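Here is the structure we will look at.
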Amino acid sequence: MDTSTLKAALLPERDNLIATLLVEIPRAVPFYGTFPQSAQVAMASRLVDIYLDALDEVDAQGLRTFGIEVFTRRQEQGAALVDVLAGVTAGRRAFARLALRALPTAELAGEAIERVELVSDEFVRTAVAVYEQRRDTERRAFEVLEQRYQDLYQRTPALMHSLDRDGRLTTVSDRWLDFLGYSRDEVLGRRSIEFVTEETRARALAEHFPQLRREGRVDLADAQFVKKSGEIVDVRLSSVVVRDERGELQQILAVFQDVTAEVRATRALRESEERWRGLTELAPLPLAVHRAGVFLWVNEALSRLLGLPREELVGMNVMRIVHPDDRELLLSRLRQSRERRVALPPIEERYVHADGTIIYADVAARPVLFEGEEATQIAVVDVTARRHADEVQRQNEAQAKVIEAQEETLRALSTPLIPIGDGILVAPLIGRITGERATGILETIAAGVVAQGARVAIVDVTGVPEADTSVAEALVRVAQAIRLLGAEVVITGIQPSIARTLVEIGADLGSLRTRGTLRDGIKYALRGFGGAARPGRAECAERGSSGSGRA
Amino acid sequence: MNTTDLFLSLTPHKVLEAVEDAGFPVNPLCYPLNSFENRVYEVELEDRSRLVAKFYRPGRWSPEQILEEHLFLADLAEAEVPVCLPRTLRGGGTLGTIDGISYCLFPRMGGRAPDEPDDDLLQRLGMLAARIHNVGAGRPAAHRVRLEAETFVRQNVVFLREKGSIPSRLLPRYERAARVIADFVDEGIHGTPVHRIHGDLHLGNLLLRDGVLSVVDFDDMVVGPAVQDLWLLLPGEGVEARIALESFLEGYEALRAFDRKSLRLATPLRGLRRVHYAAWIARRFHDPIFPRTFPHFGTEAYWEEETRDLEQIVRMITEERGGFEA
């Protein structure tokens with residue numbers, strides 16, 4: 001039987017074979033079971049026709065072209081090589097069973113099967129080629145990508161390294177090598193913890209690696225590397241775990257930055273702060289640092305000044321200790337301090353001591369950096385004692401002014417001058433006359449004589465209770481002075497004690513004109529001027545009141 | 001009468017007119033099919049064959065969004081994934097309009113939803129989902145909705161609150177549970193790859209005929225994580241669920257890589273769907289078919305059950321996270 005006979009013999013079985021393939025291929029390869037019925041029928045039909053055509057002639061080129069088209073598509077649809085090979089095998093087996101059943105002899109069946117095996121072999125070769133080509137293409141693409149990645153990785157200006165799951169360096173950037181002073185060959189394959197200090201190694205093993213496994217990343221961890229030269233450098237390191245599709249740790253990527261200068265600066269700052277604290281802790285001047293009004297630090301002197309322990313003051317808002325009336329002022333100062341960041345000149349503020357007493361203080365403020373952040377330092381000068389002294393002085397001054405005014409009043413009251421007619425003044429003296437007062441009396445009467453143009457000054461001493469020699473002398477001095485001004489002095493109401501003293505001191509009584517009472521004195525004065533003197537207001541009043549006149 | 005009213009009162013006459021306008025002469029036979037969201041009719045053509053006319057609910061999807069659904073179907077069909085492709089209408093294109101209502105025509109597909117799947121079927125379902133996602137990841141969908149907590153949970157909760165749907169006694173509990181679920185969805189989706197997915201891939205949207213599975217109803221197609229097309233097909237909890245999941249993933253991973261970390265999203269997505277579903281009913285309740293279908297919706301008992309279920313989901317998430325963290 002020639003090949004055309006083989007085909008003719010099997011052609012009636014075409015539909016049976018298609019139906020068999022529709023069952024067996026999806027059974028062998030579930031992937032094919034996800035195709036639409038129409039697509040499955042089309043595929044099976046096409047395969048059966050290829051088998052039947054192969055009984056006439058095996059068109060290797062045609063099979064390859066078909067295979068490339070189909071297997072490329074299957075590959076794009078996600079099928080693995082093993083799937084398409086299983087499909088080819090299932091088809092061949094189904095055809096072989098059919099041939100054995102439908103053809104009259106085993107020899108013919110063998111011949112037909114051999115033809116179809118040529119087809120299958122071609123399909124297998126084509127499928128493998130398609131998948132290998134695709135794999136090669138992907139591998140090349142991957143290699144290009146990998147090379148780009150490596151180039152990028154190695155040339156990046158960042159300090160980067162990658163570790164495998166055992167913590168061994170698999171990749172390092174050029175910058176990494178430059179920084180630590182090694183060559184790539186010296187470091188790849190070695191564990192990263194060989195390049196760090198003992199302390200960092202301990203932390204990495206105890207904290208960082210467990211955290212990486214647990215959380216998948218470590219951010220900004222402080223670490224110390226040891227350069228090849230032996231120099232220790234501070235770095236800040238972030239790591240992230242890369243996992244494969246099954247979630248297994250594949251590699252650890254780490255990037256870090258050199259913070260040696262920053263660490264040194266921080267250390268210097270810390271030392272500076274410690275020095276500052278040393279100087280200020282025990283300073284006698286009360287000092288504090290606050291941020292936005294909250295005490296961050298206070299020294300012992302301020303604690304004593306306010307009567308509160310330091311641990312209570314730290315964290316306390318300054319508003320709690322400032323006098324309620326000064327809170328507005330303080331708020332304004334805080335605002336200025338925050339906005340202008342300049343030193344504020346001293347200003348007086350009031351604080352309330354723990355025992356409730358008011359503390360007056362001159363407070364100066366200036367911006368400072370405290371533990372790396374902006375804050376305000378204040379210096380407090382206790383001026384409470386000075387304020388109290390000022391207050392006493394102010395009170396004394398006020399009192400002195402009052403006394404002075406009173407004295408002035410008294411003085412005015414104690415030496416009244418009463419003009420009772422043109423040219424006549426009456427000065428009734430009351431109270432004890434001291435030397436100082438005597439001078440005042442003298443000045444008052446003298447000024448009055450001049451101002452009034454008086455001819456007679458009547459000094460009435462009825463109200464002077466006692467008189468010593470100084471009083472007597474004063475009276476004499478007054479009389480002499482007034483006479484020098486061209487007026488006559490009449491002293492009235494001299495008490496016996498004064499008279500006695502005047503005698504005792506041997507006063508020049510000739511210069512004194514005396515009368516027993518003020519009334520007699522006034523009469524004398526009026527008479528002495530023979531009625532030429534114009535009546536004063538007192539006289540008019542006297543006349544008016546008596547209703548009688550000399551005329 | 002506005003477009004929505006026209007949609008709600010869509011007459012058989014209008015349905016037949018639309019199909020004829022699209023270039024398919026009809027016999028005057030038109031049967032409504034079961035669909036809440038859209039109006040779907042089986043129409044007999046002059047040659048006695050039948051096709052399915054789907055009228056989209058106005059205001060839900062824009063024409064651009066619908067065309068992205070059709071494009072996804074075309075991409076899937078081109079990749080020999082068993083889906084139902086919309087017919088080309090007269091004048092080209094797959095989307096027609098009548099009285100402002102968008103519609104399209106599908107060939108009638110026979111079949112039934114598969115029974116509770118065995119391991120083999122689960123493996124095939126995994127492969128099918130993987131093939132859908134292989135195609136889905138091949139092209140963006142710029143207009144399609146993204147599956148995310150903001151749209152599907154938070155905005156829906158605001159809507160329910162403002163509409164006064166939830167009894168005030170239950171509102172704080174409901175909102176609290178929904179908020180936690182939304183946060184977990186956000187956390188889970190962050191960093192998880194998203195692409196075009198079916199979005200509503202449950203057994204009811206699969207047709208099994210002559211041993212061949214087909215996927216239908218891409219109306220809820222979204223841009224989202226692959227895990228959304230996984231959890232609806234699988235039973236919820238327990239050992240059986242884990243075995244089913246492995247069978248599914250065995251098939252899936254034969255054709256496409258699957259990020260197993262994204263499995264932690266499954267329960268939050270279950271909560272997301274629950275909130276979205278309640279808001280969906282509330283939004284559609286003016287459509288007469290909804291009160292008839294969901295007579296208990298809006299009752300105290302309904303919201304009590306919804307709230308309890310959301311709280312239960314939150315507990316499950318917390319326990320799962322505890323497991324993950326440990």
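Please read these numbers as outputs of a predicted model, since none were measured by experiment. A, B, ... follow the sequence lines: proteins, then strands. Residue 1 opens every chain. The basis for the numbers below is simple: all heavy atoms, side chains too, and nothing from hydrogens, waters or symmetry mates.
- Here the closest non-hydrogen pair linking B:E80 and A:A39 is OE2-CB, 3.9 Å.
- A 6.0 Å sphere centred on CZ of A:R139 holds more than 12 heavy atoms belonging to other residues, nucleotides or ligands.
- Once rounded to the nearest 0.5 Å, the distance linking CE of B:M127 with OG1 of A:T34 reads 7.0 Å.
- Taking a 6.0 Å sphere around CD of A:Q150, one finds it holds more than 12 heavy atoms contributed by other residues, nucleotides or ligands.
- With A:Q77 contributing its side chain and B:R131 its backbone, the two residues share no donor-acceptor pair below 3.5 Å.
- Neither the backbone nor the side chain of A:R27 comes within contact range of chain B; no heavy atom of the residue lies under 4.5 Å from a heavy atom of that chain.
- Separating the CG atom in B:L128 from the CZ atom in A:F35 is a distance of 10.5 Å, to the nearest 0.5 Å.
- Environment of CZ in B:R50: crowded, with over 12 heavy atoms of neighbouring residues, nucleotides or ligands closer than 6.0 Å.
- When heavy atoms are compared at a cutoff of 4.5 Å, A:Q40 approaches chain B solely by way of its side chain, counted from C-beta outward.
- In this structure, the portions of B:D210 lying under 4.5 Å from any heavy atom of chain A include both its backbone and its side chain.
- Top candidate by heavy-atom pairs under 4.5 Å with chain B, chosen from A:R74, A:E76, A:E215, is A:R74.
- The number of heavy atoms from other shown groups lying within 6.0 Å of CZ (B:R146) does not exceed 12.
- The number of heavy-atom neighbours closer than 6.0 Å to CZ of B:R209, taken from other residues, nucleotides and ligands shown, is 12 or below.
- Atom CZ of B:R242 is surrounded by 12 or fewer heavy atoms from other residues, nucleotides or ligands within 6.0 Å.
- Contact count against chain A (heavy-atom pairs under 4.5 Å) is highest for B:E78 among B:R256, B:Q123, B:E78.
- Interatomic distance, A:R243 CZ to B:R260 CZ, rounded to the nearest 0.5 Å: 15.0 Å.
- More than 12 heavy-atom neighbours from other residues, nucleotides or ligands sit within 6.0 angstrom of CD on B:E46.
- Counted within 6.0 Å of CZ on A:F142, heavy atoms from surrounding residues, nucleotides or ligands total 12 or fewer; the atom is thus considered open.
- Between B:P82 and A:P36, the shortest heavy-atom distance links the atoms CA-CG, 3.5 Å.
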